[in-house]
Amino acid sequence: MTEHCPPDSSTIMNFTVAIVGRPNVGKSRLFNRLAGKRISIVHDMPGVTRDIISRDLDDGYTLLDTGGMGLLEGMSDTPGKIVNAVEGQIEFSIDAADLILFVVDGREGLMALDKQMAERLRRTDKRVMLVVNKVDTESTAIDGKEFFRYGFGEPYLVSAEHGRGITPLRKAVLALRDEVVGPPVEEEDDGKKVLKVCFIGRPNVGKSSLSNCLVQSDRFIVSDHPGTTRDSIEMPFVWRSKRGEDWHFMLTDTAGIRKQTKLNSSVEYFSRVRSLDAIRHVDVVFMVIDAKEGPTNQDKAIAGEATKANKPVVVVVNKWDLALEAWEKEEIDGFETEKDFQEAFAKGIRRELFFVPGSPIRFVSAKEGIDVEKILLSARQLNKRQNRKIPTGRLNNKLYKMSERLPAPKKDGRRFRIYYAVHTGNYPYRFKVFCNQSKKLGDSYKRFLLKGLVEEFELEGCPMVFDLVNKKNPYVQEEE
């Protein structure tokens, strides 16, 4: 477990709103309602939200969702170490916030833990708005005088689930924002490319540790307990390269992707869904593998999700320091030098992850901070590599030579033939391919063709898509 350290203030907007409250009062529902979309996972089980979930809203402020204050070990599936880390993250949220939305449950009324939290918030110099949630209808029994006792003025009665009372609350937040920092001003585009990246992988391979290493803070909760991260968490950051350049990124740390057959709860199911959805919305994917275990069948399945989404992949072998330690102690035999060991490891990865040809492989240690900049450098190189124009003549010449050297195998007595191809798009590379019968193109021959194009045009790690168009060629006598 790492010590708590707040992120650089430059990563958030000028006005920040934090939603706090005890477990299960509807904080995540309120966050989603104010954000205008489902971002935080919502579940009746206490302790679902652990890390800080943040989102820069179009309304001109940063909104933070936090874990439940006062969460006790045993009242959920959250281990004690993670409970302490959650409390640390909440403290950061309070420190970073210009406004705190203190959420209580209107149906349950005044609770002892609510009183303790109110005293805790009164000791700060922060502006606090009391939000009484779960007031679903006008007939919902609410003792207004009871909630005035908190000392935060008139409470806002809302139903985050049904949207009731949200508009007055939103107006009050915006009014305070304008009072503190003024209305948002449209900024001119400075031309800086913000590259969207995400970490994916099995639980407990070190994704959150790597995320903290990149943003250079303990923004994400780290624990040896698998499944610590549940939501997909976004974080903008700027990396100062060794050459003194500023690289701009939006990083998403995702929950560990488990096999569907091993999902034990709806929380794990939605965590998996959010992780897979994150893949579709980034530019480059960092696929994290545990160096102590090497690529597993589940790693192959996860990498397959990235290829299905047509995203370029950087394979990140984390905990490489532990693998080297085992090699130095001669617990791993057969390699004379560290370079031999690394090359053999990389060869094994390429053999297992054959469907991501040319993807760069980076050996790193989040714990020791080894070579983490190379991860970002690979992402920038991959993204830039996807913006080339492929000449039509050279493209067709390469495809013709490959099909002449190794014709497609016969399928139902006929071969797949390409008549003509043209480059039609980037991110990913798309090629419209006019052929005799698209259904005759088998996976292995498709990989053969794609590998040839990768080598010809130096497109290592770039995903490609064939858009097949059936077209009869009047000048070719098809074989029976």
Side-chain angles (χ1 to χ4, degrees), residues 1-7 9 12 15-31 34 40 45-54 61-76 78-135 142-158 160 169 172-173 176-177 180 217-219 221:
M1 182 74 66
T2 54
E3 295 297 320
H4 176 70
C5 177
S9 61
I12 56 179
F15 191 75
T16 302
V17 179
I19 301 175
V20 302
R22 61 182 171 84
N24 216 29
V25 293
K27 298 183 298 298
S28 292
R29 287 192 189 276
L30 180 61
F31 178 90
L34 290 174
S40 283
M45 182 177 67
V48 170
T49 302
R50 291 172 174 174
D51 277 292
I52 301 170
I53 313 299
S54 65
Y61 64 89
T62 298
L63 185 64
L64 307 178
D65 184 21
T66 65
M69 296 174 71
L71 182 68
L72 300 176
E73 185 176 8
M75 70 180 295
S76 71
T78 306
K81 287 185 178 181
I82 299 179
V83 169
N84 294 334
V86 170
E87 288 287 331
Q89 297 282 52
I90 295 169
E91 287 296 334
F92 159 69
S93 297
I94 293 174
D95 291 340
D98 299 290
L99 170 64
I100 296 170
L101 300 183
F102 177 29
V103 184
V104 298
D105 189 324
R107 291 184 298 203
E108 292 184 348
L110 200 63
M111 306 292 286
L113 185 54
D114 293 325
K115 294 179 182 178
Q116 295 175 17
M117 291 166 54
E119 293 174 1
R120 184 174 173 183
L121 293 176
R122 277 196 294 268
R123 289 195 295 268
T124 71
D125 58 355
K126 304 293 181 177
R127 180 70 175 268
V128 179
M129 291 182 181
L130 178 62
V131 181
V132 182
N133 191 28
K134 303 184 182 180
V135 185
I142 295 294
D143 185 350
K145 294 181 181 180
E146 179 183 36
F147 292 109
F148 270 103
R149 297 174 188 170
Y150 283 105
F152 299 123
E154 185 171 353
Y156 292 86
L157 308 184
V158 307
L169 175 62
V173 171
L176 184 60
R177 179 210 63 193
V180 174
S217 80
D218 293 339
R219 171 64 175 78
I221 294 177

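Just so it is clear, the model here is predicted, and its values are computed rather than measured.
If you take OH on Tyr156 and CG on Leu130, they are separated by 10.0 Å, rounding to the nearest 0.5 Å. For the atom pair Leu121 CG and Arg123 CZ, the distance stands at 9.0 Å (nearest 0.5 Å). Atom CG of residue Leu30 and atom CG of residue Asp65 lie 8.5 Å apart, to the nearest 0.5 angstrom. With rounding to the nearest 0.5 Å, the separation of CZ in Arg29 from CG in Asn24 is 9.5 Å. Taking CG from Leu176 and OH from Tyr61, the interatomic distance works out to 11.0 Å, rounded to the nearest 0.5 Å. Rounded to the nearest 0.5 angstrom, Met117 CE and Ile100 CD1 are separated by 10.0 Å.
With Lys126 contributing its side chain and Asp98 its backbone, the two residues share no donor-acceptor pair below 3.5 Å.
At least one side-chain heavy atom of Val17 sits under 4.5 Å from a side-chain heavy atom of Leu63. Within the 4.5 Å cutoff, side-chain heavy atoms of Leu169 are placed close to those of Leu101. Phe147 has its side chain out of reach of Glu154: every pair of non-hydrogen atoms, C-beta onward, lies at least 4.5 Å apart. The shortest side-chain heavy-atom distance between Leu64 and Ile19 does not fall under the 4.5 Å cut-off.
In terms of heavy-atom proximity, Leu99 sits nearest to Met129 at CD1-CG, 3.8 Å. Of all the heavy atoms in Ala97 and Ala18, the pair that sits closest is CB-CB, 3.7 Å. When all heavy atoms of Gly106 and Val132 are compared, the closest pair comes out as CA-CG1, 3.3 Å.
Annotation: side chain to side chain donor-acceptor pair (under 3.5 Å) contacts of Asn133 (sequence neighbours excluded): none. Residues meeting the ring-ring contact (aromatic ring centres under 6.0 Å, His included) test with Tyr150, sequence neighbours left out: Phe102. Residues that satisfy the side chain to side chain donor-acceptor pair (under 3.5 Å) test with Glu108, not counting sequence neighbours, are Arg22.
Looking at Lys134 and Asp105, a side-chain N of the basic residue comes within less than 4.0 Å of a carboxylate O on the acidic one, giving a salt bridge.
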**OP:** I would like to know whether Val103 and Val20 meet side chain to side chain contact (heavy atoms under 4.5 Å, CB included); could you show each step before the answer?
**Re:** CA-CA 6 Å; Val103 184; Val20 302; over 6 Å; no

